[in-house]
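Shown next, in C-alpha cells, is the structure this report addresses.
Please read these numbers as outputs of a predicted model, since none were measured by experiment.
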Amino acid sequence: MPNTTNNLAQVLGLRRRVSESNEQTLLRILQGSTCSPMSLKDLQRYLENKTFCRENLDALQWFVSYRSRFNDLPPAEKALSPPPTDFDLTSGVSTHTTSPHNDSFFDSIPTARNLHKVIVDTQSDLSTAPVDAQPFRHEVNAAIKIFFTSGGDSELNIPGPMRMAIVEHAKHTTHPCVFAPAARHCFDIISSSSIPAFTKHAAENIQTVSRLERLGVAIILFLLGFIAAFCLVSSWILVRSLHI
C-alpha cells in the first residue's frame with residue numbers, strides 16, 4: 001500500500017508540474033515572449049485551422065482588454081456597475097454569499113489591441129433600458145451575444161450553470177468580475193488541451209525547417225566542392241597544355 005500511495009503521489013506531482021509548465025508556456029505566448037513557430041499569431045492560426053476552437057483565446061483576450069479598460073475608469077463611472085454580491089467568482093454560480101475572489105492573475109496577460117472594437121461592432125438586441133448609464137453596456141451586451149448565447153458567432157463551451165449566471169448578472173452590471181470565471185475556464189482549457197498539441201505541432205515545424213536548412217547547406221557545400229574541383233582540374237589541364 002505505501003508503494004501504491006507513493007506511486008500515485010509521484011504521478012499526481014508529475015501531472016501538476018506538466019500542468020504548471022503548460023500554463024507558463026501559454027502565459028509566455030500571451031505576453032509576446034515567444035517567437036515563431038510558437039508566437040501568439042501561430043497559436044491563433046493553430047486554434048483556428050487545426051482545432052477550430054479559437055473562440056477560447058478570443059474570449060480570454062477580450063476579457064483581459066475589457067477588464068483593463070474598466071479598471072481605468074474614474075471611480076464615479078465604475079460605481080455605476082458594482083460587482084454582484086451573490087456571485088461565486090470561482091465557479092460562476094450564484095451562492096447568495098460574497099466571494100472575495102482575487103482575479104489579479106489576469107494582470108500578467110497583456111491586453112489585445114483593438115479586439116474590443118470587434119466586439120463593439122457586433123449589434124446586440126438585448127434590452128438595455130434599465131442600465132443604459134452603465135459603462136461599456138453596449139460592449140457587454142455584444143459580448144454576451146457572441147460568447148454566451150446559444151448559436152453565437154463564437155459560443156463558448158462552458159458549464160451551463162456558469163453560462164446562466166454570467167448572462168443573468170450581465171443584465172444588471174457590466175463589472176468585469178462577472179466574466180472572470182469564463183476567462184479562467186478558457187485559459188485552463190487552452191493550457192491543458194491546446195498547448196500540448198500546439199507545442200508538438202511547433203516542434204514538428206522546427207524539425208522540418210531544420211531538415212530543410214541542413215539540406216540547403218549540404219547542397220551549397222556540394223556545389224562549392226564541385227566548383228572547386230572543376231577549377232582545380234581546369235587549372236591542371238591548362239598547366240599541362242602550356243608545358244606541351
Side-chain angles (χ1 to χ4, degrees), residues 15-31 40 43-44 46-48 50-71 83-84 86-95 97-112 115-116 118-119 122 136 139-199:
R15 289 181 177 177
R16 183 163 52 251
R17 288 193 294 273
V18 170
S19 176
E20 292 173 353
S21 174
N22 290 334
E23 290 183 0
Q24 291 302 316
T25 298
L26 177 54
L27 277 176
R28 287 196 298 271
I29 293 174
L30 293 172
Q31 292 166 350
L40 178 58
L43 177 60
Q44 290 171 337
Y46 177 81
L47 293 177
E48 184 172 1
K50 296 292 185 179
T51 62
F52 308 104
C53 59
R54 178 169 169 171
E55 64 274 5
N56 292 322
L57 181 59
D58 287 344
L60 174 61
Q61 290 187 289
W62 169 78
F63 169 78
V64 172
S65 170
Y66 177 74
R67 175 179 174 273
S68 175
R69 287 179 284 118
F70 185 94
N71 289 339
D86 62 339
F87 195 54
D88 180 356
L89 297 180
T90 303
S91 64
V93 180
S94 295
T95 59
T97 59
T98 302
S99 174
H101 180 68
N102 183 5
D103 65 350
S104 60
F105 160 79
F106 297 104
D107 289 333
S108 60
I109 304 177
T111 59
L115 182 61
H116 67 282
V118 178
I119 306 296
T122 301
F136 303 120
E139 181 176 350
V140 164
N141 285 351
I144 290 293
K145 183 176 182 180
I146 293 174
F147 297 121
F148 303 99
T149 301
S150 179
D153 293 340
S154 298
E155 180 185 359
L156 297 177
N157 183 18
I158 60 176
M162 180 186 295
R163 180 193 307 274
M164 290 187 292
I166 290 173
V167 172
E168 179 61 28
H169 284 87
K171 294 178 182 178
H172 308 289
T173 180
T174 58
H175 197 283
C177 72
V178 170
F179 302 100
R184 183 67 209 217
H185 180 82
C186 290
F187 181 90
D188 291 341
I189 289 295
I190 298 172
S191 63
S192 63
S193 299
S194 301
I195 287 299
F198 172 66
T199 52

### Message
Show the nearest heavy-atom pair for residues Cys186 and Leu60, with the distance to one decimal.
### Response
CB-CB, 4.5 Å
### Summary
Looking only at heavy atoms, the pair that brings His169 and Pro84 closest together is CD2-CB, 3.2 Å
#### Entry: Distance (rounded to the nearest 0.5 Å) between Tyr66 OH and Asn71 CG
10.0 Å
### Query
Would a distance-only check, ignoring hydrogens and angles, find a side-chain to backbone donor-acceptor pair under 3.5 Å from Thr51 to Leu47?
yes
### Query
Excluding sequence neighbours, so at least two apart, what forms ring pair (Phe, Tyr, Trp, His ring centres under 6.0 Å) with Tyr46?
Phe198, His201
### Task
Kindly give the heavy-atom pair with the smallest separation between Phe63 and Ala183, and that separation in Å.
CD2-CB, 3.4 Å
### Query
Can you name the side chain to side chain contact (heavy atoms under 4.5 Å, CB included) partners of Glu48, sequence neighbours left out?
Arg54
### Query
If you look at every heavy atom in Ala143 and Phe148, which pair is closest and at what distance?
O-CD1, 3.7 Å
### Summary
For Asp188, the side chain to side chain donor-acceptor pair (under 3.5 Å) test, sequence neighbours excluded, returns Arg184
### Summary
Looking only at heavy atoms, the pair that brings Leu57 and Gln44 closest together is CD2-CG, 3.5 Å
### Message
With rounding to the nearest 0.5 angstrom, report the CG to OG1 distance, Leu156 to Thr149.
### Response
10.5 Å
### Interatomic distance, Leu26 atom CG to Ser194 atom OG [nearest 0.5 angstrom]
9.0 Å
#### Entry: All side chain to side chain donor-acceptor pair (under 3.5 Å) counterparts of Glu155, not counting sequence neighbours
none
### Query
How many angstroms lie between atom CD of Glu139 and atom CZ of Phe70, to the nearest 0.5 angstrom?
11.5 Å
#### Entry: Note, Phe147 side chain near Ile158 side chain (heavy atom, < 4.5 Å)
no
### Task
Can you see which heavy atom on Asn22 is nearest to which on Ser191, and at what distance?
CB-O, 3.1 Å
### Message
Can you list everything that forms a side chain to side chain donor-acceptor pair (under 3.5 Å) with Thr199? Sequence neighbours excluded, please.
### Response
none
#### Entry: Non-hydrogen side-chain atoms of Ile166 and Arg163 separated by less than 4.5 Å
no
### Gap between atom CG of Leu43 and atom NZ of Lys50 - 0.5 Å precision
14.0 Å
### Query
Excluding sequence neighbours, so at least two apart, what forms side chain to side chain contact (heavy atoms under 4.5 Å, CB included) with Ile189?
Asn56, His185
### Query
At what distance, to the nearest 0.5 angstrom, does CD of Glu23 lie from CD1 of Ile195?
10.5 Å
### Query
Side chains of Val64 and Arg67: does their closest heavy-atom pair fall under 4.5 Å?
no
#### Entry: Ring geometry between Phe179 and Trp62 (parallel below 30°, tilted from 30 to 60°, perpendicular above 60°)
perpendicular
